[in-house]
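Down below is the structure, laid out as structure tokens.
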Amino acid sequence: MRAKTADKIATSIIIAVAALIVLVLAGLLGYILYRGLGHISFHFLTSAPETIRKGGGIGPQLFNSVFLLVLTMLITVPIGLGAGIYMSEYAPANRITNFIRLIVEVLSSVPSIIVGLFGLLVLVNLFGFGFSLFSGALALTVFNLPLMVRITEQGLKGVPREQKEASLALGLSKWKTITSVMLPISLPVVLTGTILAAGRVFGEAAALLFTAGMSSPRLDFTDWNPFSPFSPLNPFRPAETLAVHIWKINSEGLAPDAAEIAAGASAVLVITVLLFNFGARWLGRYMYRKFTAIK
Amino acid sequence: MNSIIEINDLDLFYGDFHALKHVNMEIPEKAITAFIGPSGCGKSTLLRTFNRMNDMIAGTRIEGSVEIAGTDIYSDEVDVETLRKRVGMVFQQPNPFPKSIYDNIAYGPRLHGITDRKKLDEIVETSLRSAALWNEVKDHLKRSAFSISGGQQQRLCIARALAVEPDILLMDEATSALDPISTLKIEELAQELKDRYTIVMVTHNMHQAARVSQQTVFFLNGEVVEYSETERLFSNPTDQRTEDYISGRFG
Ligand SMILES: Nc1ncnc2c1ncn2[C@@H]1O[C@H](COP(=O)(O)OP(=O)(O)OP(=O)(O)O)[C@@H](O)[C@H]1O
Ligand SMILES: [Mg+2]
């Protein structure tokens, strides 16, 4: 009887806490969307910001965020996959491997502002990449790589041993077994994780303040030569992303409608991150079903 | 009968654990050899030395030699991948890849370098015919391998192993996860295949060993207690422990 009561009390506390978390989250999202949604328009999403006049948009910032995301993933995914494959399949089970694993864990819990400062000192100044998309992408890679490595490692470890052995027993090399059996099987996990990591990149501000910078040159959206200084595609130009832009106009925006712009930009950011999350889950489930399909 | 596998003074250690003790035996070509014995006595371990699947387990150490067609497969010149092409394996649980029936069979040949579509079609058909599965699946080769029954999946795995043209087929309790009818089908299949392949099967089921094999090997605690023609081993065992085991007094 007493155990039963205790169980009931514990259950209700857990439910109450869970409900509270959901409520806070829903309230937060609802508030951001309520304040910002009204301000979102095609014009707002595509036009350049204004410094002192009303009616500025977030076009370049949105573009910068997407471009930075692509650049970061271009660097993170190959390195992360490679490292994850190594950790899961090739690294011997010894102290050094465990040490690497520990470092990866530590790296993933470094506050992003520290990653940003590290980027400023090493990438921007020491290596002379300046405030640029490239510096930003490298800083975000530092920030994202641990996640990517861990996801790949988990994905590969989750492949049933029988299927790995089936491939090896057919006389296929370890590498071919990894690329043609194990990676496809773990693809739902790896892809879901990659998209979640991408969502993190999209919302990140602190690591970018001192690496990608807080301003953009006047972009010329007719010039797609990645080497010219005003081309949107030039990876060595400074670039203010959406998240950084929100931070900036909130703290020092001069435009009369700064508050609305911040609200609208926040809503766009939140919606995008949500899309990433739901997209990742949907794709993961879809692929899982496709691979194990009974049809 | 010619022997194709010869095992000389083989010892195998998993770290400190002495899993195979001084094994000596010969396995005849183009016949079925059954490994019987209580759980944990080393049947799988010995079977997996034939295609060096034990290599993957860290801390495994081997002494003595295993010769296949006169070559010591643990010598330095031997390429493990080539060896495994010659020595196919079927596992306890059916383990098709999450791919179509066709791609499961074509997987090995493809990655071994065959890209010609016609040639692949041919390999898929002959392998499925050899595994007595062709008539059941020929109209839906593009379907997922998980869409067929467990027994069919196991025959698919046999076909997949045959597709890389092995000489030897290892089966580790390949029927223990199957229903009686599927089991019977696989046994019949093994009978047909033994004219072209050397088959070594581990089984928990003494009746199965008696039904399908020509030679039987009895293991106990990592040792080979006795091996001989199946009929003789079951009717007239020379070792007391064999007699106790086959008459059901232990194990
Ligand atoms: N990777 C391993 N590391 C350490 N010991 C192992 C390992 N694999 C097997 N063993 C041990 O080696 C012995 C023989 O194992 P094996 O799997 O060959 O037995 P088996 O005869 O196939 O048994 P079963 O009929 O249950 O499949 C067992 O005592 C087992 O515990
Ligand atoms: Mg076994």
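The sequence lines fix the lettering, A, B, ..., with proteins before strands; numbering per chain opens at 1.
Heavy atoms of Phe97(B) lying under 4.5 Å from chain A belong to its backbone as well as its side chain. Heavy-atom distances place no part of Arg86(B) under 4.5 Å from chain A, backbone and side chain included. Using a 4.5 Å cut-off between heavy atoms, Pro166(B) makes no contact with chain A at all. With a threshold of 4.5 angstrom between heavy atoms, Val90(B) does not approach chain A through any atom at all.
In summary, the side chains of Thr175(B) and Gln208(B) do present a donor paired with an acceptor at a separation below 3.5 Å, with no hydrogens or angles considered. A donor and an acceptor atom, one from each side chain of Ser176(B) and Gln92(B), are located under 3.5 Å apart. Counting only N and O atoms by type, the side chains of Thr49(B) and Tyr74(B) include no donor and acceptor under 3.5 Å apart.
With Tyr102(B) as the aromatic partner, Arg117(B) meets the cation-pi criteria of under 6.0 angstrom to the ring centre and within 45 degrees of the ring axis.
Legend: residues meeting side-chain hydrogen bond (donor to acceptor under 3.5 Å, both in side chains) with Ser88(A), ordered by chain and number and at least two apart, are absent.
Contact count versus chain A (heavy atoms, under 4.5 Å) is highest, among Leu111(B), Leu170(B), Val164(B), for Leu111(B).
Among pairs with a residue in residues 183-206 of chain A, those fulfilling ring pair (Phe, Tyr, Trp, His ring centres under 6.0 Å) read Phe202(A)-Phe276(A), at least two apart in sequence or across chains.
No salt bridge links Lys85(B) with Glu81(B); every basic N to acidic carboxylate O contact stays at or beyond 4.0 Å.
Listed by sequence position, Arg161(A) are the residues of residues 133-161 of chain A in contact with chain B, using a 4.5 angstrom heavy-atom cutoff.
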For residues 17-25 of chain A, tabulate all N or O donor-acceptor pairs below 3.5 Å that involve a side-chain atom, not counting sequence neighbours.
none

